[in-house]
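Report on the following structure.
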Amino acid sequence: MSTRVRRTAVAAVIGTIAVVFAALNAGPALAHGFTSTVYLHATDGDEGLVRTKVELEYDLFVVSAADYQHDDPLFKAGIPAFDAGDTAGQAAALNAHRNSAVGYVTERLSVASGGTPCTPTQVGDFTMGEREGVPYANLLLDWACPERSDAHEVRSTLFPDAEGYVKGTKTIVTYELDARSGSAALDAAHPSFSTAQAWYERFWEFFRLGGEHLLSGIDHILFLLALIAGSRRLREIVLAATSFTLAHSVTFMLAALGLVDVPARVVEPVIALSIAVVAGWHLWRLWRRGDHATDLDTAGGGHFSLDRSGWIRLGVVFCFGLVHGLGFAGALGIDEAWSWTLLWSLLVFNVGIEVVQLTIIAIVFPLLVVLHRRSAKTGLWTTGAISAGVSVMGLVWFVQRILGF
């Protein structure tokens, strides 16, 4: 075996180990690490006011507000209610400490009109809701704007990385304001938007969000690595990627539009299991067929030159792709009524996912092909090492998510 081949194989194995260790450090029970999403819906209110409904992940909200406002009684009342699943107690804790809770939000969330800040006032009490099986606190705010304008700017820096509790918080905004409707995605790099923004600016936000979601979702990346490592021919990875894309696009759109609703406690373990199964498929072929693991059962057999094993694998990938689509949809959590603007935003989000997915395939698969052609045995060992690492990670996640760790 040449020195160059050895170095390539070692690099591939080290890279896989690094990915697995990164996954372990990313948080065992969560699909995409310790992240959070804030949901905000803005509408025209009465007498020229702007009304916003803000939804915040309850336990994170309590911890962040209590820490920032030095309100230890809020923490002592809110967290036990969270641990006990006491919805009434959760709302009561926030309402008893509304100054701290509302103050935390209004210092990090703002609405402006004509460049002039609007003044917020809480409407009613805090109430409780749920997103993806997670308790969320609901806060209504009316914003009085001294300057009348045909456009408003919304800015959110809620749950910043500097607090140390989460990383990469996003605020998903839907609005029916200033005779316009649409959606926007805010994060630390892009914390604000205007209702007067151009259509391409709004769509770019969702394209970027889709790409970032795939990159930050280590479980989806590992699933792709399992697909790539187990593909014997270029046609197989192309068909597998196409099958996965078609499947997750269908359920992503249905779930994001509120037509399908599957609890996260079901989706997340199945996603983890899909990683282990697809990676384990290649390990099983290596164990059964050794150096002939990449051979077709019938040369050039069937449509698309796939053998029976290839077709079965394609069906498995499609079924698991349906579940991954539900996971992608959970990143948005939009429950806005149907509109063409929303549909285009969702499509662009999906395109962002696909571009990153194809980029990963275009980088990794050719490297494995070159390695296999230089040394078939080294190529098999490398794909086996990748599949083993990915399979173990998938099984670990599956057990942790089933047990609720």
Side-chain angles (χ1 to χ4, degrees), residues 6 8-35 213-232 236-237 240-241 244 248 264-291 293-294 309 312-314 316-321 323-324 326-328 356-357 360-361 363-365 367-368 371-372 377-405:
R6 289 194 185 96
T8 304
V10 170
V13 174
I14 290 176
T16 304
I17 294 173
V19 168
V20 172
F21 273 103
L24 287 169
N25 292 328
L30 298 177
H32 309 104
F34 293 102
T35 64
H213 178 66
L214 184 68
L215 288 174
S216 64
I218 188 66
D219 50 357
H220 297 302
I221 292 178
L222 291 185
F223 185 81
L224 278 179
L225 287 179
L227 283 182
I228 295 168
S231 295
R232 297 167 292 175
E236 281 198 345
I237 186 57
F244 180 65
H248 81 65
R265 63 179 178 274
V266 175
V267 172
E268 295 301 332
V270 175
I271 288 177
L273 182 63
S274 74
I275 297 169
V277 170
V278 173
W281 189 290
H282 183 56
L283 293 176
W284 180 78
R285 286 188 64 87
L286 287 174
W287 177 70
R288 287 287 303 273
R289 309 191 64 172
D291 293 344
T294 59
S309 177
I312 294 175
R313 181 172 180 266
L314 204 61
V316 171
V317 169
F318 183 85
C319 292
F320 281 135
V323 181
H324 279 252
L326 299 173
F328 289 137
V356 174
Q357 174 180 295
I360 293 173
I361 292 173
I363 293 173
V364 177
F365 188 71
L367 291 176
L368 293 178
L371 181 62
H372 183 78
K377 187 175 291 291
T378 301
L380 289 176
W381 274 100
T382 301
T383 57
I386 292 173
S387 296
V390 171
S391 184
V392 168
M393 194 66 249
L395 290 174
V396 169
W397 272 336
F398 176 71
V399 172
Q400 289 174 332
R401 293 173 189 180
I402 284 290
L403 298 178
F405 290 163

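Each residue takes its place number in the sequence, starting with 1. No experiment lies behind these values; they were computed from the predicted model shown.
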Using atom types as modelled, flag every donor-acceptor pair under 3.5 Å from a side chain in residues 222-229 to any protein atom, sequence neighbours excluded.
none

Any V270 side-chain heavy atom under 4.5 Å of F320 side chain:
yes
Are L368 and I386 close enough that some pair of their side-chain heavy atoms sits under 4.5 Å apart?
yes
Ring centroid separation for F244 and H248, is it under 6.0 angstrom?
yes
Donor-acceptor pair, side chain of S274 and main chain of I271, under 3.5 angstrom:
yes
So, using side chain to side chain contact (heavy atoms under 4.5 Å, CB included) as the criterion, who are the partners of A241 when residues are at least two apart?
Q357, I361
In terms of heavy-atom contacts, P269 and I402 come closest through CB-CD1, 3.9 Å
Which heavy-atom pair separates V390 from A279 by the least distance, and what is that distance?
CG1-CB, 3.9 Å
Given the rule in the side chain to side chain contact (heavy atoms under 4.5 Å, CB included) test, do V399 and L395 qualify, once you have shown the distances and angles that lead to the verdict?
CA-CA 6 Å; V399 172; L395 290 174; 5.6 Å; no
Start with the C-alpha distance between L273 and V323, add both sets of side-chain angles, then the distance that settles side chain to side chain contact (heavy atoms under 4.5 Å, CB included), and finish with yes or no.
CA-CA 11 Å; L273 182 63; V323 181; over 6 Å; no
